[in-house]
Amino acid sequence: MPLKIVIAGAAGRMGAALLRAASADARFAIVGAVERDGSIPLGQDACGVAVTADLAAALTNADAFIDFTAPAATVAALPALARANVRTVIIGTTGFDAAQDAAIAAAAREHAIVKSGNFSLGVTLLSALVEDAARRLDPSWDIEIVELHHRRKVDAPSGTALLLGEAAARGRNVSLSAVRAPARDAATPGARKRGEIGFASLRGGGHVGRHEVMFAAEREILTLSHEALDRSVFADGALAAALWAADKPPGLYSVRDVLGL
Ligand code: NAD
């Protein structure tokens, strides 16, 4: 039996990649495609289903909900997911604040939720490597995370950069919030503090996403990096996560759980 999935953000860049990947894979049946009210293509056909803003109607009969939208939209969908008793929820949306993260964690008491700022295999392995390097290199090695994305991206640093920052902080046994360097601009002069993890975000053109984690010592620099060449890597990862989570108990999972890393 194919997994019956609903895709939210169906008219977006990731929505299009998910529709393309799922419709070409017999393990999935697309039973719903959701867009926000006022979005141009409502009613348009998306791989055999009409794009709708009626989330409750789209969720009738769904096994899994896959969300690549915007933080407020993801959180607003949670009560409908609970009412419809959807078993599996995949959240790829990035840019949540602490209250929104807490709402998702609470919803994980009812659904198996896989949430990640990056569903690619390469970045998932990169996060494990970054954690290991941070564990082995003492805080005299300055950690800086540099990311590049297309000009339309709205959140910064990217969800992936934060995920990598969290991995580095975990490797050093500290919380990222305790060591995250404040944004550097003319208003925040001063030298770098030992143990800080810094972020820099570049925006331009059409790049799908590049991330570099730099460990800089006085006389040598180690750089670990990843470059996504196509959005299909995130779509494939999200769909693999949906299959993996289909028989898991409620809880909040990461792609590292999916891959056993
Ligand atoms: P996008 O702007 O192209 O698409 C988002 C879509 O969501 C839009 O079509 C928008 O109309 C729709 N939307 C907004 N509110 C909605 C609502 N209430 N209900 C239904 N649809 C709604 O953006 P994108 O590039 O596809 O990225 C979407 C999100 O996924 C962003 O947060 C991005 O950072 C994230 N992302 C995550 C990964 C990952 O691997 N985790 C990869 C790429 C992008």
Side-chain angles (χ1 to χ4, degrees), residues 5-22 32-44 46 49-59 62 65-81 89-97 100-101 104 113-127 147-164 166 201 203 205-211 226-242 252-256 258-259:
I5 60 170
V6 171
I7 295 172
R13 286 176 287 269
M14 278 305 302
L18 283 158
L19 286 166
R20 213 168 16 249
V34 185
E35 255 300 329
R36 76 189 146 79
D37 224 351
S39 179
I40 314 282
L42 288 184
Q44 191 173 297
V49 296
V51 178
T52 179
D54 187 343
L55 179 58
L59 289 173
F65 179 73
I66 305 183
D67 176 286
F68 285 73
T69 56
T74 309
V75 172
L78 296 176
L81 295 175
V89 177
I90 306 300
I91 299 178
T93 301
T94 59
F96 297 107
D97 63 26
Q100 290 168 328
D101 273 332
I104 292 168
I113 300 182
V114 185
K115 173 173 175 283
S116 178
N118 195 303
F119 275 89
S120 80
L121 171 61
V123 161
T124 307
L125 182 56
L126 175 64
S127 79
E147 49 111 343
L148 165 66
H149 280 89
H150 56 88
R151 63 169 74 94
R152 289 167 292 273
K153 184 163 180 62
V154 291
D155 53 319
S158 69
T160 305
L162 292 170
L163 171 162
L164 294 169
E166 273 156 16
S201 299
R203 294 289 175 266
H207 204 291
V208 175
R210 186 172 80 207
H211 292 85
H226 176 269
E227 194 148 356
L229 304 180
D230 194 288
R231 279 185 184 84
S232 59
V233 295
F234 311 129
D236 291 349
L239 291 170
L252 187 55
Y253 301 96
S254 70
V255 188
R256 279 173 76 168
V258 176
L259 297 175

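Counting convention: from 1, in listed order, for ligands and their atoms alike.
- For ligand 1, the atoms sitting less than 4.0 Å from at least one non-hydrogen atom of K153 are 34 (O), numbered in the order shown with element in parentheses.
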Trace of the side-chain contact (heavy atoms from CB on, under 4.5 Å) decision for L163 with T94: CA-CA 10 Å; L163 171 162; T94 59; over 6 Å; no

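- Rounded to the nearest 0.5 Å, atoms OG1 (T124) and CG (L126) are 9.0 Å apart.
- Between F68, F234, F96, it is F68 that holds the heavy atom closest to atom 30 (O) of ligand 1.
- Annotation: atom 18 (N) of ligand 1 to nearest protein heavy atom, A73 CB, 3.2 Å.
- Contacts with ligand 1 closer than 4.0 Å are made by backbone heavy atoms (N, CA, C, O) of S116 only, the side chain lying farther away.
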Evaluation steps, side-chain contact (heavy atoms from CB on, under 4.5 Å), between R13 and H150: CA-CA 12 Å; R13 286 176 287 269; H150 56 88; 3.6 Å; yes

Residues R210, E227; criterion side-chain contact (heavy atoms from CB on, under 4.5 Å); working and verdict: CA-CA 4 Å; R210 186 172 80 207; E227 194 148 356; 3.4 Å; yes

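- In summary, the side chains of N118 and S116 do not present any donor paired with an acceptor at a separation below 3.5 Å, with no hydrogens or angles considered.
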D67/T69 under side chain to side chain donor-acceptor pair (under 3.5 Å): CA gap, chis, key distance, verdict: CA-CA 6 Å; D67 176 286; T69 56; 3.1 Å; yes

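- Close approach to N118 involves these atoms of ligand 1, each under 4.0 Å from a residue heavy atom: 39 (C), 40 (O), 41 (N).
- Of the protein's non-hydrogen atoms, the one nearest atom 40 (O) of ligand 1 is F119 N, 2.9 Å.
- Remark: ligand 1 atoms within the under-4.0 Å shell around heavy atoms of T93 are 30 (O), 32 (O).
- For the pair D155 (side chain) and S158 (backbone), a donor-acceptor distance under 3.5 Å is absent.
- Of the options T124, T69, V208, V255, the smallest heavy-atom separation from atom 31 (C) of ligand 1 is shown by T69.
- Between F119 and F68, the angle of the ring planes lies from 30° to 60°, which puts this pair in the tilted group.
- Close contacts of ligand 1 with A11, meaning ligand atoms under 4.0 Å from a residue heavy atom, involve 9 (O).
- Atom 39 (C) of ligand 1 has G117 O, 3.4 Å as its closest protein atom, hydrogens excluded (heavy atom only).
- Nearest protein neighbour of atom 9 (O) of ligand 1, counting heavy atoms only, is E35 OE2, 2.6 Å.
- A donor-acceptor pair under 3.5 Å is absent between the side-chain atoms of E147 and the main chain of H211, judged by distance alone.
- Closest to atom 4 (O) of ligand 1 among all protein heavy atoms lies G12 CA, 3.2 Å.
- The main-chain N or O of E35 is never found under 3.5 Å from a side-chain atom of S39 such that the two would form a donor-acceptor pair.
- Listed by number with element, the atoms of ligand 1 under 4.0 Å from a non-hydrogen atom of G92 are 30 (O), 35 (C), 36 (N), 37 (C), 38 (C), 39 (C), 41 (N).
- For atom 1 (P) of ligand 1, the nearest non-hydrogen atom of the protein is R13 NH2, 3.8 Å.
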K115 vs S254, side-chain contact (heavy atoms from CB on, under 4.5 Å): CA-CA, chis, key distance, verdict: CA-CA 6 Å; K115 173 173 175 283; S254 70; over 6 Å; no

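- Shortest contact from atom 7 (O) of ligand 1 to any protein heavy atom: G9 CA, 3.4 Å.
- Looking only at heavy atoms of the protein, atom 33 (C) of ligand 1 is closest to T94 OG1, 3.7 Å.
- One option in H150, R36, M14 has a heavy atom closer to atom 43 (C) of ligand 1 than any other, and that option is M14.
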